[in-house]
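The block underneath contains the structure these notes are about, expressed in structure tokens.
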Amino acid sequence: MEQEMWWRLRDIRLAALTDSPDMFGSTLVREQAFTEGEWRRRAQRPSSFLASRSGQDIGVAGVHEFGGTWTVVGMWIAPRARGTGVVEALMEACEAVARGSGANEIVLGVMEDNAAGRNAYRRLGFEPTGRRDRLHGGRRELCLSKTLVSREEPMPPSRPLLSELKLVPVDEAVLDELIGVAMSDAEPDDVTPPLGDGWTTSRVEWLRAFHRQRRAGLSGGDEETAAIRTGNRIVGATRLHRSSIEDPEQLEYGIWLARSARGRGLSHEVLRLVAARAVALGASRLVLRTKSSNAPVIATLRRAGASIQQGCDGNVVGVIALDTDAHVPATGSPAAVTAEDGKSD
């Protein structure tokens, strides 16, 4: 989050205190009195995150180190966005910060009487530590903790098997499935440019034409796409774009994931596959542009070792230096690439 976003942090924090006054250690009256300077100071913290959708902020969380322990604080999801993958996305961003600082554990507190919150955190891998703190009014806060998986360790069994993760060409059958997933499990503006409200016929036809026009791949054009498959499910899509003929070693990368696939570590593993594909196409740098409020993508970029800069349009630009020792056979259109060994099927 950036200092100039202070008013967005203020608005969503006050919304959280209004909606769930009993779930926080502060009060609405106290924080309504904060000055602009205080909100700017809080927004400047490098590990505070906003989640937004269709131009509206729908979630907030932060992660900070207290006494050597990384702790998630201030987690809140707008009621209309609960159960849509927002808590998973924010938690993934928080975990990435802690993991990047060398932590092997992350903790948080949840009110003992907040059954929905306890269940949500349990699904994300948090377990009670046995510690219960008594707060004002006699309520108790439970301390939960989660062991963080390092980059070198395998994903836990609760996440999709990485050996089942593939990038596959978007033929007509895959395209039909991809559009079905987009319409049922993704926000329209996450998948396409703004083209009106909802999944209109014109938006669906735009998406269909977009993938059809890119089947020749980068050997026959300046962009190629692939669908993300895990097991027998399509869960999103990627694209690689050559933005400059003068700089063929740089490719731009884009991705969207279905809501039900977020918060499971997939974005980082997909990035590995895309990076291997980019190397096979002769690239040495991968560029991803995103909104400064897109906490999960920024966390993925940091985890991948990207150089992150603020673009002149206010967005974030991440540049990843690729390992050119990796190799994936380059063909006219993208081959099916698996996460198992980085080679085509």
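What's counted below: heavy atoms across the whole structure, side chains too, no hydrogens, waters or symmetry copies. Just so it is clear, the model here is predicted, and its values are computed rather than measured.
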* Structure fact -> Students should find that the hydrophobic cluster of V107, defined by side-chain heavy atoms under 4.5 Å apart, otherwise consists of none

* Taking the side chain from N119 and the backbone from A115, do they hold a donor-acceptor pair closer than 3.5 Å? -> yes

* Is the shortest heavy-atom distance from the side chain of R208 to the side chain of D176 under 4.5 Å? -> yes

* Can you list every ring pair (Phe, Tyr, Trp, His ring centres under 6.0 Å) pair that touches residues 14-38, not counting sequence neighbours? -> F34-W39

* Could you tell me which residues satisfy salt bridge (charged side-chain N to carboxylate O under 4.0 Å, His left out) with R203, sequence neighbours excluded, listed by chain and number? => D189

* Salt-bridged, R212 to E205, with N to O below 4.0 Å? -> no

* 4.5 Å side-chain heavy-atom contact, L28 and L14 -> yes

* **From Y253 atom OH to L301 atom CG, the distance as rounded to the nearest 0.5 Å** => 9.0 Å

* Stepwise, does the side chain to side chain donor-acceptor pair (under 3.5 Å) test hold for T69 with T71? -> CA-CA 6 Å; T69 300; T71 305; 5.9 Å; no

* **4.5 Å side-chain heavy-atom contact, L266 and I228** => no

* Listed once per pair and sorted, the ring pair (Phe, Tyr, Trp, His ring centres under 6.0 Å) pairs that draw on residues 57-98, sequence neighbours left out -> none

* **Side chain proximity check, F126 to I106, heavy atoms < 4.5 angstrom** => yes

* Structure fact -> Residues at least two apart in sequence or cross-chain that pass salt bridge (charged side-chain N to carboxylate O under 4.0 Å, His left out) with D171, listed by chain then number, are none

* To do: Can you run down the ring pair (Phe, Tyr, Trp, His ring centres under 6.0 Å) pairs that involve residues 200-220, sequence neighbours left out, and say none if there aren't any?
  => W206-F210

